[in-house]
Chemist: 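Attaching a single structure in structure tokens format; questions to follow.
Naming convention: chains lettered A, B, ... in sequence-line order (proteins, then strands); numbering from 1 in each chain.
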Amino acid sequence: MPSQPAALAARLPLTGTAPPPREAMAVATLSVLAVLAPLVLGVLSLAPNRLLSPRAAAMPQTAGVIICLGLFLGFCLGTALLARRAAWLGWAELAAALALCALLAGIGVAAGEVLRDASPAARATPAAGFWMAMLLLALAAGCCAAGRGGTPRNFMVAVVLGFGLLWAAGLLGNLSVAREASARGAEIRAAAIQHLGLSGSALLLALAVSLPLSLLALRHRKLEAALMGVANGFQVVPSIALFGLLMGPLGALVSWAPGLRDWGVGGIGPAPAVLGIAVYLLLPLCSAFLAGLRVVPPALIDAARGQGLTEAGILRRLRIPLGLGVMLGGLRVAAVQAIGLATLAALIGGGGLGTLVFQGIGQLATDLILLGVLPMVALSLLADGGCAALQAALERGP
Amino acid sequence: MIRFEGVSRRYGEQAAVDRVTLEVPRGSICVLLGESGSGKSTLMRMVNRLVEPSAGRVLVDGRDVAGADPEELRRGIGYVIQSVGLFPHWRVADNIATVPRLLGWEPARIAARVETLLELVGLEATLFRDRFPHELSGGQAQRVGLARALAADPPLLLMDEPFSALDPGTRRGLQVALREIHAETGKTILFVTHDVEEALALADRLAVLDQGQLVAQGRPAALLEGAAQGPVRRIFGEESLAFHRLATLPARSLARVGDADGLPMLPADATLKQALMLMLSENSARLALPAEAGFGGGTLHWTDLVTAR
Ligand SMILES: Nc1ncnc2c1ncn2[C@@H]1O[C@H](COP(=O)(O)OP(=O)(O)OP(=O)(O)O)[C@@H](O)[C@H]1O
Ligand SMILES: [Mg+2]
């Protein structure tokens, strides 16, 4: 049959050399820059003690360090090459994560070597090249994820797992952040719990206010306009200013009814912080609730009413189940926003991870700032991921 | 069954329904016909209190609906709308079971009822019971909508342009199905449409609305008898009025005794409009009518048809 080879020939180029995805070039560039950054900017720096500023340190040429750096180089290259096939973008993302972990392991091992001959007060910290490489690899992973039309889940999971493994293996213990962390372990845990408490109570408070108000606003146009006006209005006030504004009235309240002080209410401390954060959450929550409650088209409501469903029944059987996805989207935004805003509570004596951050800024101690920021990022990612998983489960569900 | 007594509904200055008095006899299909915005939906929705009248009253079975609990009233009246309004997150069986569940029926009774209803509206239960609404065609969805309205066996059905979003073939199929269900169950049906052909295909009684006012009512044949005037003439279409009138008259009323051998055969219950269409398509000036209970059969002549009054 003469037509068969022709058909084969026509098919072959398609399967053989599929055009690389649009992201291939960007990922390759980012990976190459990620390799160059440590060479140009240095990966490790050494400070004689906690307060003196660090200087660039040469990487020791031990086997461990060389293996790690070799892996880093290999995975960077792998990222660039894997990104040339659309079907392999997921693996490219994974390679970027592994490159990052290899570099992290490299400086961990190197820190141990360098500190062995230094005074006990000396500190080894990652240098600019390390941070730059991390950022570039994250961007590369983001590009890969965009090419697959999603979030860089592979990257994040692999980085978190890799970090956990390296930590558990004790490879990171010699970095100054780790030393600072083990010195202040209890303090960080307390701050993280406080932080969760602040953002959690603010979220609950905002939910308790916005849920009933949104339900009422569904029926009363004027209330809706007022509610959205207020919620929008608060967004314009800078958060620090709002915390400041709340100090006066709450202080006055406590001096009028001193019993409240036992409940933690006061001009400074957690009370105004929680109140202030909650106020900012009104907008994402109310607008998502109202949008969610309105997902059901009027004709469907009419059909339901015509069959004798009560207003409560319509809410329970139609509005809530059909609008839940949209409402959870609002909850997701609000949860992440709450964790971010809770940082500022430290400024008015409310505690939380912000305390570490601002202390670190005051002392120019990068490690301390990191110890505040890293748990915060983890909390945000956890909250966001949890809500997203819930949302996805609902969308797949009945 | 339903009595509208001087019913009006005003929105601001404008009267959507203006002093309508109308009686819908038990067991009949009454079609509300009118142009868009003439107040058909508003009038119908006053029966199950989705709209409250500004004046007058609506009686169902002799009782003023204003005195009834709205939810209870609605559970006792079937309601079908153009957009169907099936709950998208419920399976077909659950959608049909909405009102029986609200009434607290036993699950076994509900399941049996769903089965019966799906067969009644011409859908195979095993095939359709567990589908979601988005897995149905428009016509199938509207059949499910009809089954849902019939679920708790209400004596009265309200249908607001239920078939107008469907293609002509599907629409005719559903009209036939509705007539059959009506013959089988004897429900009283109030049916809203703006489609003249649909109105004539379904109506035992016709009520024509124009700008909120009832401008004509009665049996379709009587309504189109002679030269209809004013709004009725406009709504039925000046040029096709005579044609529509043929649709209101039974073919057998003009039958002659005669030899029907070899002539094209009409169904026994055909209208003169169907007879005319058959003559045109078969190029025959004469048609045969089959014998049936109380009717001896015969032939239908073109000359009788064009002079029919
Ligand atoms: N809730 C309302 N508020 C104000 N005006 C209304 C309302 N409902 C109906 N109307 C007005 O009443 C008139 C009749 O409306 P209705 O819905 O009864 O018409 P209809 O005959 O069903 O028309 P269609 O065939 O387009 O459905 C229209 O002019 C409409 O604008
Ligand atoms: Mg209407």
Chemist: What residues of residues 317-343 of chain A sit under 4.5 Å from chain B when only non-hydrogen atoms are counted?
Modeler: A:R317, A:L318, A:P321, A:L322
Chemist: Please round to the nearest 0.5 Å and tell me the distance separating atom CD1 of B:I81 and atom CG of A:L300.
Modeler: 8.0 Å
Chemist: CD of B:E5: more than 12 outside heavy atoms within 6.0 angstrom?
Modeler: yes
Chemist: Measuring heavy-atom distances to chain B, does A:I301 have an atom under 4.5 Å in its side chain, in its backbone, in both, or in neither?
Modeler: neither
Chemist: Answer with side chain, backbone, both or neither: which region of B:I77 has an atom nearer than 4.5 Å to a non-hydrogen atom of chain A?
Modeler: backbone
Chemist: List the atom of A:A303, the atom of B:V84, and the distance in Å for their closest heavy-atom pair.
Modeler: CB-O, 4.3 Å
Chemist: If you take all heavy atoms of B:F87 and A:A304, which pair is closest and at what distance?
Modeler: CZ-CB, 3.7 Å
Chemist: Answer yes or no: does atom CH2 of B:W90 have more than 12 heavy-atom neighbours from other residues, nucleotides or ligands under 6.0 Å?
Modeler: yes
Chemist: Does atom CH2 of A:W88 have more than 12 heavy-atom neighbours, drawn from other residues, nucleotides or ligands, at distances under 6.0 Å?
Modeler: no
Chemist: Less than 4.5 Å apart, any side-chain heavy atom of A:L309 and any of B:E71?
Modeler: no
Chemist: So for B:L158, is it side chain, backbone, both, or neither that comes closer than 4.5 Å to the heavy atoms of chain A?
Modeler: neither
Chemist: Please determine, among B:Q82, B:R148, B:E72, the option with the most heavy-atom pairs under 4.5 Å with chain A.
Modeler: B:R148
Chemist: Do B:R74 and A:Q307 make a side-chain contact, defined as non-hydrogen atoms from C-beta onward lying under 4.5 Å apart?
Modeler: no
Chemist: For the candidates B:L102, B:L73, B:V80, which exhibits the highest count of non-hydrogen atom pairs separated by less than 4.5 Å from chain A?
Modeler: B:L102
Chemist: Measuring heavy-atom distances to chain A, does B:R91 have an atom under 4.5 Å in its side chain, in its backbone, in both, or in neither?
Modeler: neither
Chemist: Does CZ in B:R63 sit with more than 12 non-hydrogen atoms of other residues, nucleotides or ligands closer than 6.0 Å?
Modeler: no
Chemist: Should we count CZ of B:R179 as having more than 12 external heavy atoms under 6.0 Å?
Modeler: yes
Chemist: Within a reach of under 6.0 Å around CZ of A:R153, are more than 12 heavy atoms found that belong to other residues, nucleotides or ligands?
Modeler: no
Chemist: Measure the shortest side-chain to side-chain distance between B:R45 and A:D302 over non-hydrogen atoms and say whether it is less than 4.5 angstrom.
Modeler: yes
